[in-house]
Amino acid sequence: MRRIIKRTMFIFMAIGFILSIYGCAKSDKNNVSEATRTIIDMGGNEVVIPTEIKRVACGSNPGMDMMIAFGAGEELVAAHKTVFDNPWFEKFYPNAEQLMKIDSYEPEAEILLAMNVDIVFLPDPNICAGLREKGVCAVCLRVYNSEEVKGAAKLLGEVFGGEVAEKSKNWLTAFEESIEDIAAKVEDVPFEERPVVYEIIGAKYKGIYRTNYGDAQAWLEYGGGQIATLDLAGATWGNMPTEEAIVAT
């Protein structure tokens, strides 16, 4: 009986060792083979990823939208749990019922490993680093402002290549052209005459839940407006400013 237990423990230890080698741990150029390649994720970290990617867990909802739009939707096997609260998601992605739910901010390495994902996209670089230490190929993908939108599109193109890379490139070109076109239309409007806009984030299935701040509102400036909460950019996203603070803007 003791021999059986020892053999079983040895098997589990061997599996863990294999996962630590072939999982997406800290980049080691000596370990990179034809089956892997190295990228720089949006946390600024070198990450070794598989050359061929077939199973993806995406904990970034906007990043997942991009994946689907760029033609990588078939690789999805899991998504952040909140996206399933939106009835629109099933219309946008008919295979929604087949996806597993994950928590972007408390993902469990064991679950991701059991799902046999090739890569998982998450917005927090620290969480990604922790998962990589456990053998999960975790890549930071953030889409919280306009610059990160462009960075996410580029990263997805680099990760998936082929058709996804081509669509990403075309989309980025259209994105930049749109910004330039709108900027040309509003450039003659004096800044003091531009409307001051206060934005509250909400959704029909979630309700109003916070004020938006700072660089996440760059689109307001692109359109020729002033951001009412610009001076409140350091506030916590979870806090709503007082009515007096907004009126003062």
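Please read these numbers as outputs of a predicted model, since none were measured by experiment. Quick note: numbers below take in every heavy atom, side chains included, and nothing from hydrogens, waters or symmetry partners. In what follows, residues are counted from 1 in the order of the sequence shown.
- Note: E221 CD to Q217 CD = 9.0 Å, rounded to the nearest 0.5 Å.
- For the pair C128 and V139, the minimum side-chain heavy-atom distance is 4.5 Å or more.
- Remark: the backbone N or O of Y105 is paired with a side-chain donor or acceptor of D103 at under 3.5 angstrom.
- Using modelled atom types and a 3.5 Å distance limit, the side chains of S104 and D124 yield no donor-acceptor pair.
- Here the side chains of K81 and I102 are not in contact, with every heavy-atom distance at 4.5 Å or above.
- K134 approaches A109 most closely through the heavy-atom pair CD-CB, 3.6 Å.
- Annotation: side chain of L156 is in contact with side chain of L141 (closest heavy-atom distance under 4.5 Å).
- Inspection of the Y222 and S146 side chains reveals an N or O donor paired with an N or O acceptor under 3.5 Å.
- Under the ring pair (Phe, Tyr, Trp, His ring centres under 6.0 Å) criterion, F160 pairs with no residue, sequence neighbours left out.
- Taking CD1 of I53 as the reference point, atom CD1 of I119 lies at 4.5 Å (rounded to 0.5 Å).
- Once rounded to the nearest 0.5 Å, the distance linking CE of M42 with OG of S60 reads 8.5 Å.
- Counting only heavy atoms from C-beta outward, the side chains of E75 and R55 never approach each other to under 4.5 Å.
- Scanning both residues, S168 and A153, for their nearest heavy atoms gives OG-O, 2.6 Å.
- Looking only at distances, a side-chain donor or acceptor of Q226 sits under 3.5 Å from a matching main-chain atom of F191.
- Remark: K185 does not engage E187 in a salt bridge, criterion side-chain N to carboxylate O under 4.0 Å.
- The two residues C140 and L155 have their closest heavy-atom pair at O-CD2, 3.5 Å.
- Taking hydrophobic clusters as Ile, Leu, Val, Met, Phe, Trp and Tyr residues chained together by side-chain heavy-atom distances below 4.5 Å, I40 does not share a cluster with V164.
- Rounding to the nearest 0.5 Å gives a distance of 6.0 Å between CE of M67 and SG of C58.
- Counting heavy atoms from C-beta outward, M66 and V149 have side chains that approach closer than 4.5 Å.
- Rounding to the nearest 0.5 angstrom, the gap separating the SG atom in C137 from the CG atom in L112 is 11.0 Å.
- If you chain together hydrophobic residues whose side chains sit under 4.5 Å apart, L172 and I39 fall into the same group.
- Side-chain N or O atoms of Y198 include none that pairs as donor or acceptor with a backbone N or O of T229 at under 3.5 Å.
- Inter-residue side-chain proximity for L131 and L122 is flagged as met; some heavy-atom pair is nearer than 4.5 Å.
- Cluster annotation: M64 is connected to F92 through the hydrophobic network of ILVMFWY side chains, with a link wherever side-chain heavy atoms come within less than 4.5 Å.
- A 4.5 Å side-chain heavy-atom check between T82 and N61 finds at least one atom pair inside the cut-off.
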Next item on the list: Check step by step if side-chain contact (heavy atoms from CB on, under 4.5 Å) holds for L76 and I68.
Entry: CA-CA 9 Å; L76 276 171; I68 296 171; 3.9 Å; yes
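- Linking Ile, Leu, Val, Met, Phe, Trp and Tyr whenever their side-chain heavy atoms come within less than 4.5 Å puts W88 and L99 in one cluster.
- Between atom CD of residue E74 and atom CG of residue N95 there is a gap of 8.0 Å, rounded to the nearest 0.5 Å.
- Under the 30°/60° scheme for interplanar angles, the aromatic rings of F89 and Y93 are found to lie parallel.
- Minimum interatomic distance between A57 and V117 (heavy atoms only, all atoms of both residues): CB-CG1, 4.1 Å.
- With hydrogens and angles left out, the side-chain atoms of T51 and E34 include no donor and acceptor closer than 3.5 Å.
- Looking only at distances, no side-chain donor or acceptor of T36 sits under 3.5 Å from a matching main-chain atom of I49.
- Ionic pairing of K150 and E147 is present here: one or more N-O contacts between side-chain nitrogen and carboxylate oxygen are shorter than 4.0 angstrom.
- Although no hydrogens or angles enter the test, the distance criterion places a donor-acceptor pair under 3.5 Å between the side chain of S178 and the main chain of A174.
- Within the 4.5 Å cutoff, the side chain of P190 has heavy atoms near those of the E192 side chain.
- Closest of all the heavy-atom pairs between A78 and M115 is CB-CE, 3.3 Å.
- Checking each of R132, K154, R142 against D41 for a salt bridge (Lys or Arg N to Asp or Glu O under 4.0 Å) leaves exactly one that passes, namely R132.
- The hydrophobic cluster containing F84 also contains V56, counting ILVMFWY residues as joined when their side-chain heavy atoms lie under 4.5 angstrom apart, directly or transitively.
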